[in-house]
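Proteins come first, then strands; the chains are lettered A, B, ... in the order of their sequence lines, and each starts at number 1.
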There are 2 protein chains.
Amino acid sequence: MSHAQRLRQRIEDEIVSGELALGSRLDENQLAARFGVSRTPIREALLQLAATGLVQTKPRRGAIVSAPEPHLLLAMFEAMAEMEAACGRLAARRLVPEDAEALQTALAGCKAAMTLEDPEGYYAENYVFHTVVYRASRNAFLAEQALSLHRRLAPYRRLQLRVRQRVPQSLAEHEAIVAAIVAGDEAGAAEALRSHVIVQGDRFTDLVAGLRAPNAA
Amino acid sequence: MSHAQRLRQRIEDEIVSGELALGSRLDENQLAARFGVSRTPIREALLQLAATGLVQTKPRRGAIVSAPEPHLLLAMFEAMAEMEAACGRLAARRLVPEDAEALQTALAGCKAAMTLEDPEGYYAENYVFHTVVYRASRNAFLAEQALSLHRRLAPYRRLQLRVRQRVPQSLAEHEAIVAAIVAGDEAGAAEALRSHVIVQGDRFTDLVAGLRAPNAA
DNA sequence: ACAGTTTTTCTTGCATACAAGCGCTGTTGA
DNA sequence: TCAACAGCGCTTGTATGCAAGAAAAACTGT
């Protein structure tokens, strides 16, 4: 793989994981020095990330890590909810034993992380769970789009799980989702996923509040 | 705007409009000579298009216009159907008079193009209609994603409308979609859009058949 | 004559050099 | 003292040069 592609993944990971703060400037020279390459592959990586929306570029003013306005962020969560609902519906229709097993395994993983009271661990298991749902849709394109958006929203999801009692509630919702998919209940699976992902009411307030001080523990 | 951005749009337009055939090679030197610039902005444009999936790059082997396998293409149409369904549901829930009027205007445009028996004209009006639906969702992110995917599928949609009687049927479906949205029938609007966009049965056969000889009239 | 190998050429990928804006700061004038 | 303008420096955007790798062609051995 080329340097540019490696850098693209690397920088994307740093954004998703939160190492690179939202809104921070991505200086080409600085990144080039840090990774020991010239500006060319750095630029190519940043442009690709800009095309996917993870970073924003203003002409002649460089690139920054995207920090969407709250209203756009809400729209992104809403779109995510709709995409997950679609995955759930398709999964309920097409479930094969292999995917059913994967769902149960992922659910068990979430449960284990919750009982360990390990928020970071739950976060990871949650990621796995949703990935399994995407794959169970048996629609490779939809699954990839969903995964891409999930990753893009990862920094904000992380904030959400800090809210008290969110983890047990999330797990209960996961159980309902799996039950609906396994039962072949298309509408039920879609609705369960939609309401699981959507950000409304208190959760919206929590999200916006978290945005103000993203580095505060 | 920079050269690279202009070139990105220009090349994208040529792909979407079918001027650049699916699967054709995009030679950097050739494009550079054609547009009177160096390879650098060409590369940057191609990389951005690759990030959005419109072109594919193999390491050390250049870029080609993406020509997805039939099964992936089908998945893309399915995902498109789900996204449009989501737009429709939200539009039905949130419809404001301004959007209602825009829907009626777009519908009238489609009707006019049909009565003129102008397939290219209908194609354009169809594009407008769907754009209006996306906007009516009042979700800027979802609307943009839907539009992006719509553009990416444009070459194939064009093929579909060549099928006899597809245009009148499409128009009838548009009417049902508008009726459901205006009536505030969320589930109905979603289902109407899903079945309007989905490719199944004969239409799938037609699509695959069209792929074999995309340049044959 | 055919197949395998080698060489050549052409393209990509990265580095470096150069040009052109934009912002910042310092100075000047009111 | 404050505001406005000019000059400077830093960053981006584009061009060019160079190296490495892959495809194609030619050559050699059987």
Side-chain angles (χ1 to χ4, degrees), chain A residues 1-16 19-69 144 148 152, chain B residues 1-16 19-69 144 148 152:
Chain A
M1 197 186 289
S2 67
H3 280 175
Q5 298 308 313
R6 257 194 303 277
L7 290 166
R8 165 168 151 54
Q9 284 192 354
R10 178 72 186 274
I11 296 172
E12 181 178 331
D13 283 344
E14 294 198 0
I15 293 173
V16 168
E19 289 171 64
L20 280 167
L22 299 170
S24 60
R25 247 176 94 54
L26 295 165
D27 186 85
E28 294 178 2
N29 291 311
Q30 194 179 316
L31 288 168
R34 188 174 138 211
F35 292 114
V37 296
S38 79
R39 277 175 51 223
T40 307
I42 297 284
R43 275 184 68 80
E44 295 187 347
L46 291 180
L47 282 167
Q48 288 185 72
L49 292 173
T52 64
L54 220 79
V55 313
Q56 265 178 329
T57 63
K58 299 208 177 186
R60 290 264 170 213
R61 294 181 60 182
I64 61 168
V65 180
S66 286
E69 297 296 308
E144 190 184 311
S148 166
R152 190 162 161 198
Chain B
M1 193 186 287
S2 66
H3 280 174
Q5 299 308 314
R6 257 192 303 275
L7 290 166
R8 165 171 154 49
Q9 286 192 353
R10 177 73 187 273
I11 296 172
E12 182 178 329
D13 284 343
E14 295 199 357
I15 294 173
V16 168
E19 290 172 64
L20 280 167
L22 300 169
S24 60
R25 232 164 145 283
L26 296 165
D27 185 85
E28 294 179 2
N29 292 309
Q30 194 178 315
L31 288 169
R34 188 174 138 211
F35 291 114
V37 296
S38 80
R39 279 176 50 222
T40 307
I42 296 285
R43 274 183 70 80
E44 295 189 348
L46 290 179
L47 281 167
Q48 288 185 72
L49 292 173
T52 64
L54 221 78
V55 313
Q56 265 179 328
T57 63
K58 300 208 175 183
R60 289 263 171 212
R61 293 182 61 183
I64 60 169
V65 180
S66 286
E69 297 295 309
E144 190 184 312
S148 165
R152 190 162 161 198

**Student:** Can you tell if the side chain of A:Leu47 reaches within under 4.5 Å of the side chain of B:Leu47, non-hydrogen atoms only?
**Tutor:** no
**Student:** B:Lys58 has an atom NZ; how far is it from atom P of C:dG13, in whole Å?
**Tutor:** 13 Å
**Student:** Using whole Å, report how far CE of A:Met1 lies from P of C:dC14.
**Tutor:** 12 Å
**Student:** Figure out the CZ/P separation between B:Arg43 and C:dT12, and round it to whole Å.
**Tutor:** 8 Å
**Student:** Work out which heavy atom in A:Leu22 is nearest to a heavy atom in A:Ser66; give both atom names and the distance.
**Tutor:** CD2-O, 3.6 Å
**Student:** Restricting to non-hydrogen atoms, name the atom on B:Thr57 and the atom on B:Ala50 that form the minimum distance, rounded to 0.1 Å.
**Tutor:** CG2-CB, 3.9 Å
**Student:** For A:Gln5, look at atom CD and say whether over 12 heavy atoms of other residues, nucleotides or ligands are found less than 6.0 Å away.
**Tutor:** yes
**Student:** Shortest non-hydrogen contact from A:Gly23 to A:Ile64?
**Tutor:** O-CB, 4.0 Å
**Student:** In whole Å, what is the span from the CD atom of A:Glu44 to the P atom of C:dT12?
**Tutor:** 12 Å
**Student:** Kindly indicate whether the side chain of A:Arg10, heavy atoms from C-beta on, has any atom under 4.5 Å from the side chain of A:Glu14.
**Tutor:** yes
**Student:** Please tabulate, one pair per line, each protein N/O and nucleotide N/O from nucleotides 20-22 of chain D that are separated by under 3.5 Å, including the distance.
**Tutor:**
{"from": "D:dA20", "atom 1": "N3", "to": "B:Arg60", "atom 2": "NH1", "distance (Å)": "3.3"}

**Student:** With heavy-atom distances below 4.5 Å as the criterion, would you say the side chains of A:Leu20 and A:Leu26 are in contact?
**Tutor:** yes
**Student:** In whole angstrom, give the distance that lies between atom CD of B:Gln5 and atom C1' of D:dT14.
**Tutor:** 13 Å
**Student:** Expressed in angstrom and rounded to an integer, what is the separation of B:Arg6 atom CZ from D:dG13 atom C1'?
**Tutor:** 12 Å
**Student:** Would you call A:Gln48 and A:Thr52 a side-chain contact if the rule is heavy atoms closer than 4.5 Å?
**Tutor:** no
**Student:** Side chain of B:Arg39 only, please: which of C:dG13, C:dT16, D:dT14 is the nearest?
**Tutor:** C:dG13
**Student:** Distance check: side-chain N/O of A:Thr40 vs OP1/OP2 of C:dC14, anything under 4.0 Å?
**Tutor:** no
**Student:** Quick check on side chain to side chain contact (heavy atoms under 4.5 Å, CB included): which of A:Leu49, A:Ile42, A:Leu54 does A:Arg8 satisfy it with?
**Tutor:** A:Leu49
**Student:** Does some side-chain heavy atom of B:Gln9 sit less than 4.5 Å from a side-chain heavy atom of B:Glu12?
**Tutor:** no
**Student:** Can you tell me how far C1' of C:dA15 sits from CG of A:Leu7, to the nearest Å?
**Tutor:** 14 Å
**Student:** Check DNA chain D against residues 23-37 of chain B and give the residues with a non-hydrogen atom under 4.0 Å, in numerical order.
**Tutor:** B:Val37
**Student:** Could you give the CZ-to-P distance, from B:Arg8 to D:dG13, as a whole number of Å?
**Tutor:** 14 Å
**Student:** Does CD belonging to B:Glu28 count more than 12 external heavy atoms closer than 6.0 Å?
**Tutor:** yes
**Student:** Is B:Ser2 touching bases, backbone alone, or none of the nucleic acid, heavy atoms closer than 4.0 Å?
**Tutor:** sugar-phosphate
**Student:** Listed in order of residue number, which residues of residues 45-56 of chain B have a non-hydrogen atom at under 4.0 Å from DNA chain C?
**Tutor:** none
